[in-house]
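Working notes, structure below.
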Amino acid sequence: MASSRPYLVRAFNEWILDNDCTPYIVVDAGVQGVQVPTEHVANGQIVLNISPGAVKNLVVGNGALEFSARFGGVPMQVFVPLQAVMAIYARENGEGMVFGSEPGSPDPDGQAPEAEPSAGKAGQRPSGKPSLKVVK
């Protein structure tokens, strides 16, 4: 079967927007083919606002997500292979989804998957950071 990730990213993006929230994605910037502003990458990851007010021409295809945006006033075309999308969540409340590796899918960069960082005790959120949970 085809990967479920593109369908889930599109669905969560629509759901977040329908609830008047701002969709953010967490991207593994080390995956081959990722084109993001490297000056905003921290710890190998970048968080991107993909709301209609922040990006132009967002396309979530079956293989990649792409759009144009401005970073520090400089226009850039962003390209993210979907296997590099680690999570999608609403900025306002942290609701969303963290993606694990899918059965049968090739490892995008040949590395073992990293453990998901702990968000603390159930129901607690670290100050200013969204809490995400794996939904299977």
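The basis for the numbers below is simple: all heavy atoms, side chains too, and nothing from hydrogens, waters or symmetry mates.
Note that the CG atom of L82 and the OG atom of S4 stand 10.5 Å from one another [nearest 0.5 Å]. Residue I88 holds its CD1 atom at 9.5 Å from CG of L8, rounded to the nearest 0.5 Å. The line from CZ of F12 to CG of L17 is 13.0 Å long, rounded to the nearest 0.5 Å. Note that CD1 of I16 and CE of M97 are 11.5 Å apart. Values are rounded to the nearest 0.5 Å. With values rounded to the nearest 0.5 angstrom, R91 atom CZ is found 4.5 Å from Y24 atom OH. Separation of atoms CD (E92) and SG (C21) is listed at 4.5 Å; rounding is to 0.5 Å.
The environment of E14 atom CD is sparse: at most 12 non-hydrogen atoms of other residues, nucleotides or ligands sit within 6.0 angstrom.
Put simply, the side chain of N43 never gets that close to the backbone of Q45: no donor and acceptor are under 3.5 Å apart. Formation of a donor-acceptor pair under 3.5 Å by the R5 side chain with backbone atoms of F99 is not found in this model. The backbone N or O of V9 sits nowhere less than 3.5 Å from a side-chain atom of N13 that would complete a donor-acceptor pair. A donor-acceptor pair is defined here as one N or O able to donate and one able to accept, closer than 3.5 Å; such a pair exists between the side chain of N49 and the backbone of S51.
Two residues are said to be in side-chain contact when any heavy atoms from C-beta on lie closer than 4.5 Å; Q35 and Q77 fail this criterion. A 4.5 Å side-chain heavy-atom check between D28 and V85 finds every atom pair outside the cut-off. No side-chain heavy atom of P37 sits less than 4.5 Å from a side-chain heavy atom of V74.
Under the 4.5 Å side-chain contact rule for hydrophobic residues, F79 and M76 do not share a cluster. Linking Ile, Leu, Val, Met, Phe, Trp and Tyr whenever their side-chain heavy atoms come within less than 4.5 Å leaves M86 and Y7 in two separate clusters.
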Audit row: I25, L65, side-chain contact (heavy atoms from CB on, under 4.5 Å) steps and yes/no: CA-CA 11 Å; I25 58 171; L65 176 149; 4.0 Å; yes
Please test Y89 against V26 for side-chain contact (heavy atoms from CB on, under 4.5 Å), starting from the C-alpha separation and ending with a verdict. CA-CA 8 Å; Y89 67 94; V26 180; 3.7 Å; yes
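A pairwise comparison of heavy atoms in F67 and A69 identifies CE1-CB, 3.8 Å as the closest pair. Closest non-hydrogen pair, R10 versus V60, comes out as NH1-O, 2.6 Å.
When each of V78, L48, V47, V41 is paired with V27, the side chain to side chain contact (heavy atoms under 4.5 Å, CB included) condition holds for L48 and for no other.
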